[in-house]
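For the single chain, residues carry numbers from 1 onward in sequence order. We count ligands from 1, going down the list as the structure has it; atoms in each ligand are counted the same way. Just so it is clear, the structure is predicted and the values come from calculations on it, not from any experiment.
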Amino acid sequence: MRTQVAIVGAGPSGLLLGQLLFKAGVSNVIVERQSAAHVLSRIRAGVLEQVAVDLLDECGVGARMRREGLVHHGIELLFKGARHRIDMHGLTGGKSVTVYGQTEVTHDLMDARQAQGLETVYDAGDTVTLHDFDGTHPKVRYVKDGAAHEIECDFIAGCDGFHGVSRASAPAHLLKTYEKVYPFGWLGVLADVPPVSPELIYANTERGFALCSMRSHTRSRYYVQVPSQDKVESWSDDAFWNELRTRLDPAARERLITGPSIEKSIAPLRSFVAEPMRFGRLFLAGDAAHIVPPTGAKGLNLAATDVRYLSNALVEHYRDRDSHGIDHYSEVCLRRVWKAVRFSWWFTSLMHKFPETGEFGQKVQEAELDYLVNSRAASTSLAENYVGLPL
Ligand code: APR
Ligand code: PHB
């Protein structure tokens, strides 16, 4: 099989890239380890910056997001038992975020890809290998149903997430990675209950962080910080709701409606960056190149920005015979990536309980939060990072 761009991974990065390339007349094939149903079963974050909203519109898949997504103009910070609103819209000159689950984004992109009859190979398992991307004729090989296949291409896009084969295929002597692992995770519950509050609540408490988020007016997504070693099996629904309740302010505690969990899982927290993001004709995009802790809701948005830059670069190459975008892809992405890594690390450090810093750490966090909600300059800094820095 021959295509212009072979894309490894059918998560949001790979699907978005495939759609943008298709719109520009660049052929592409996606090879995915899992089944489509498995990809759709993963519950991830749900806050879209304008850049991601615009990209979905440009891909022609924005209609349902426009209909069902919830536009949020602010967030609430809860500390020392009281909530304080950050007016993102007012502080950023009218910017907002759209709350729309990543699962829905993936669904919409998959539907569009199928409707257009674009080739996606699912269930390739761990058989995918990348070849010759240091030359001009890269190849992606995989085995499906016992038969070996080869895709000849001009470029390979490694959109295969943190555990994928693409970054692992980069020459070790050219790759440098930076990593910080946090000593806690997020226990998340999805439930068909109305959200406790119309906007997201990020809570700093002496028992640890909590987040009240949502997917719709009738479906909530809640998280509590738990030690890394905790097992999801040891958290009953009741135990989760009781813990969440203790981390809320009295009014929210009163309003909280609980119900059976539809999904419950523990996500570890990590900051990770791989440099560079291009090796010859292999590009890394999204979680394949970087991970941020979810506190800043930046994971999907960073993936969208990488894909924005990568599709522009590839289209320029084919349409204008111009390699500027390709040559600067890594540098341009990393500049933005590190700012989001910095913001996500800062917001994580401010909101979570760090066992090693004790009561002193808690007091310093509370002082910073007090400053943050009372200083227009500090609130503006939070707001402009949260809604997304300009491209
Ligand atoms: N071969 C083919 N596909 C693979 C391989 C492999 N060896 N390894 C992983 N994959 C697939 C995964 O099964 C997954 O469907 O690549 C896809 C990667 O998708 P994501 O992990 O969702 O990564 P990405 O598309 O970059 O999306 C980033 O996901 O983790 C969140 O917060 C993150 O929202 C952000 C978004
Ligand atoms: C979510 O809705 O899952 C969510 C929202 C905001 C975050 C992280 C996760 O910062």
Could you list the donor-acceptor pairs under 3.5 angstrom formed by side chains in residues 88-96, with sequence neighbours left out?
| residue | atom | partner | partner atom | Å |
| --- | --- | --- | --- | --- |
| His89 | NE2 | Gly94 | O | 3.4 |
| Thr92 | OG1 | Met88 | O | 2.6 |
| Thr92 | OG1 | Lys95 | N | 3.1 |

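- Looking from atom 19 (O) of ligand 1 to the surrounding protein, the closest heavy atom is Gly11 CA, 3.5 Å.
- The shortest side-chain heavy-atom distance between Arg207 and Lys353 does not fall under the 4.5 Å cut-off.
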Q: Check the pair Leu310, Leu17 against side chain to side chain contact (heavy atoms under 4.5 Å, CB included), reporting the backbone distance first and the verdict last.
A: CA-CA 8 Å; Leu310 184 52; Leu17 180 65; 3.8 Å; yes
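- Residue-to-ligand polar distances place Arg44 within reach of ligand 1: an N/O pair is separated by less than 3.5 Å.
- For ligand 1 and Cys159, the ligand atoms under 4.0 Å from any heavy atom of the residue are 16 (O), 17 (C), 18 (C).
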Please tabulate, one pair per line, all N/O donor-acceptor pairs under 3.5 Å involving side-chain atoms of residues 380-391, not counting sequence neighbours.
| residue | atom | partner | partner atom | Å |
| --- | --- | --- | --- | --- |
| Thr380 | OG1 | Arg376 | O | 2.5 |
| Asn385 | ND2 | Ser381 | O | 2.8 |
| Tyr386 | OH | Tyr202 | OH | 2.7 |

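- Annotation: Asp287 places an N or O atom under 3.5 Å from an N or O atom of ligand 1; distance criterion only.
- Contact detail for Asp154 and Arg281: the closest heavy-atom pair is O-NH1, 2.9 Å.
- Nearest heavy-atom pair, Gln4 versus Ser27, reported as atom, atom and distance to 0.1 Å: OE1-N, 2.8 Å.
- Backbone and side-chain nitrogen or oxygen atoms of Gly125 are examined, and none is located within less than 3.5 angstrom of a nitrogen or oxygen of ligand 1.
- Neither side chain, Ser228 nor Tyr182, offers a donor N or O lying under 3.5 Å from an acceptor on the other.
- A donor atom on one side chain and an acceptor atom on the other are found under 3.5 Å apart for Asp370 and Asn374.
- From the protein, the heavy atom lying nearest to atom 1 (N) of ligand 1 is Val128 CG2, 3.6 Å.
- For ligand 1 and Val39, the ligand atoms under 4.0 Å from any heavy atom of the residue are 15 (O).
- Protein heavy atom at the shortest distance from atom 6 (C) of ligand 1 is Arg33 CB, 4.0 Å.
- At a 3.5 angstrom cut-off on N or O pairs, Pro12 counts as close to ligand 1.
- Residues Tyr309 and His328 keep their aromatic ring centres 6.0 Å or farther apart.
- If you check which protein heavy atom lies closest to atom 34 (O) of ligand 1, you get Gln102 OE1, 2.5 Å.
- Relative ring orientation between Phe155 and His317 is described as perpendicular, the plane-to-plane angle rising above 60° on a 0-90° scale split at 30° and 60°.
- Pairing each heavy atom of Arg245 with each of Asn242, the nearest pair is NH1-OD1, 3.0 Å.
- The 12-atom threshold is not exceeded at CD of Gln114, counting heavy atoms of other residues, nucleotides or ligands nearer than 6.0 Å.
- Protein heavy atom nearest atom 9 (C) of ligand 1, with residue, atom name and distance: Asp160 O, 3.1 Å.
- Proximity of Arg42 to ligand 1 is established by a heavy-atom distance of less than 4.0 Å.
- At the shortest separation from atom 26 (O) of ligand 1 among protein heavy atoms lies Ser13 OG, 2.7 Å.
- Taking only nitrogen or oxygen atoms, main chain and side chain alike, Asp126 does not reach within less than 3.5 Å of ligand 1.
- For ligand 1, the atoms lying closer than 4.0 Å to a non-hydrogen atom of Val165 are 7 (N).
- Ring pair His352/Phe354 is perpendicular by interplanar angle, where above 60° counts as perpendicular and below 30° as parallel.
- When non-hydrogen atoms are compared, ligand 1 lies under 4.0 Å from the backbone of Val31 (N, CA, C, O) but not from its side chain.
- Residue Gly286 approaches ligand 1 through these ligand atoms, each under 4.0 Å from one of its heavy atoms: 26 (O).
- Residue pairs meeting the salt bridge (Lys or Arg N to Asp or Glu O under 4.0 Å) criterion with at least one partner in residues 115-141, sequence neighbours excluded, are Arg33-Asp126, Asp132-Lys139, Arg141-Glu150.
- The Gly164 neighbourhood of ligand 1 comprises atoms 8 (N), with distances under 4.0 Å to a heavy atom of that residue.
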Are there any protein N or O atoms under 3.5 Å from the N or O atoms of ligand 2? List them with distances, or say none.
| residue | atom | partner | partner atom | Å |
| --- | --- | --- | --- | --- |
| ligand 2 | 2 (O) | Ser213 | OG | 2.6 |
| ligand 2 | 2 (O) | Arg215 | NH1 | 2.8 |
| ligand 2 | 2 (O) | Arg215 | NH2 | 3.4 |
| ligand 2 | 3 (O) | Arg215 | NH2 | 2.8 |
| ligand 2 | 3 (O) | Tyr223 | OH | 2.5 |
| ligand 2 | 10 (O) | Tyr202 | OH | 2.8 |
| ligand 2 | 10 (O) | Pro294 | O | 2.8 |
| ligand 2 | 10 (O) | Thr295 | O | 3.3 |

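- Ser323 places no side-chain N or O within donor-acceptor distance of the main-chain N or O of Ile326, the cut-off being under 3.5 Å.
- Summary of contacts: the protein heavy atom closest to atom 17 (C) of ligand 1 is Glu32 OE1, 3.6 Å.
- Asn301 and Arg336 are not linked by any side-chain donor-acceptor pair at a separation below 3.5 angstrom, with hydrogens and angles left out of the test.
- Counting only heavy atoms of the protein, atom 32 (O) of ligand 1 lies nearest to Gly299 CA, 3.6 Å.
- When the shell of 6.0 Å around CZ of Arg42 is examined, it contains more than 12 heavy atoms from other residues, nucleotides or ligands.
- Set against the non-hydrogen atoms of Val8, the atoms of ligand 1 under 4.0 Å away are 1 (N), 2 (C).
- Against a heavy-atom cut-off of under 4.0 Å, Gly161 is close to the following atoms of ligand 1: 18 (C), 21 (O), 23 (O).
- Each of the atoms 13 (O) of ligand 1 lies under 4.0 Å from some heavy atom of Gln34.
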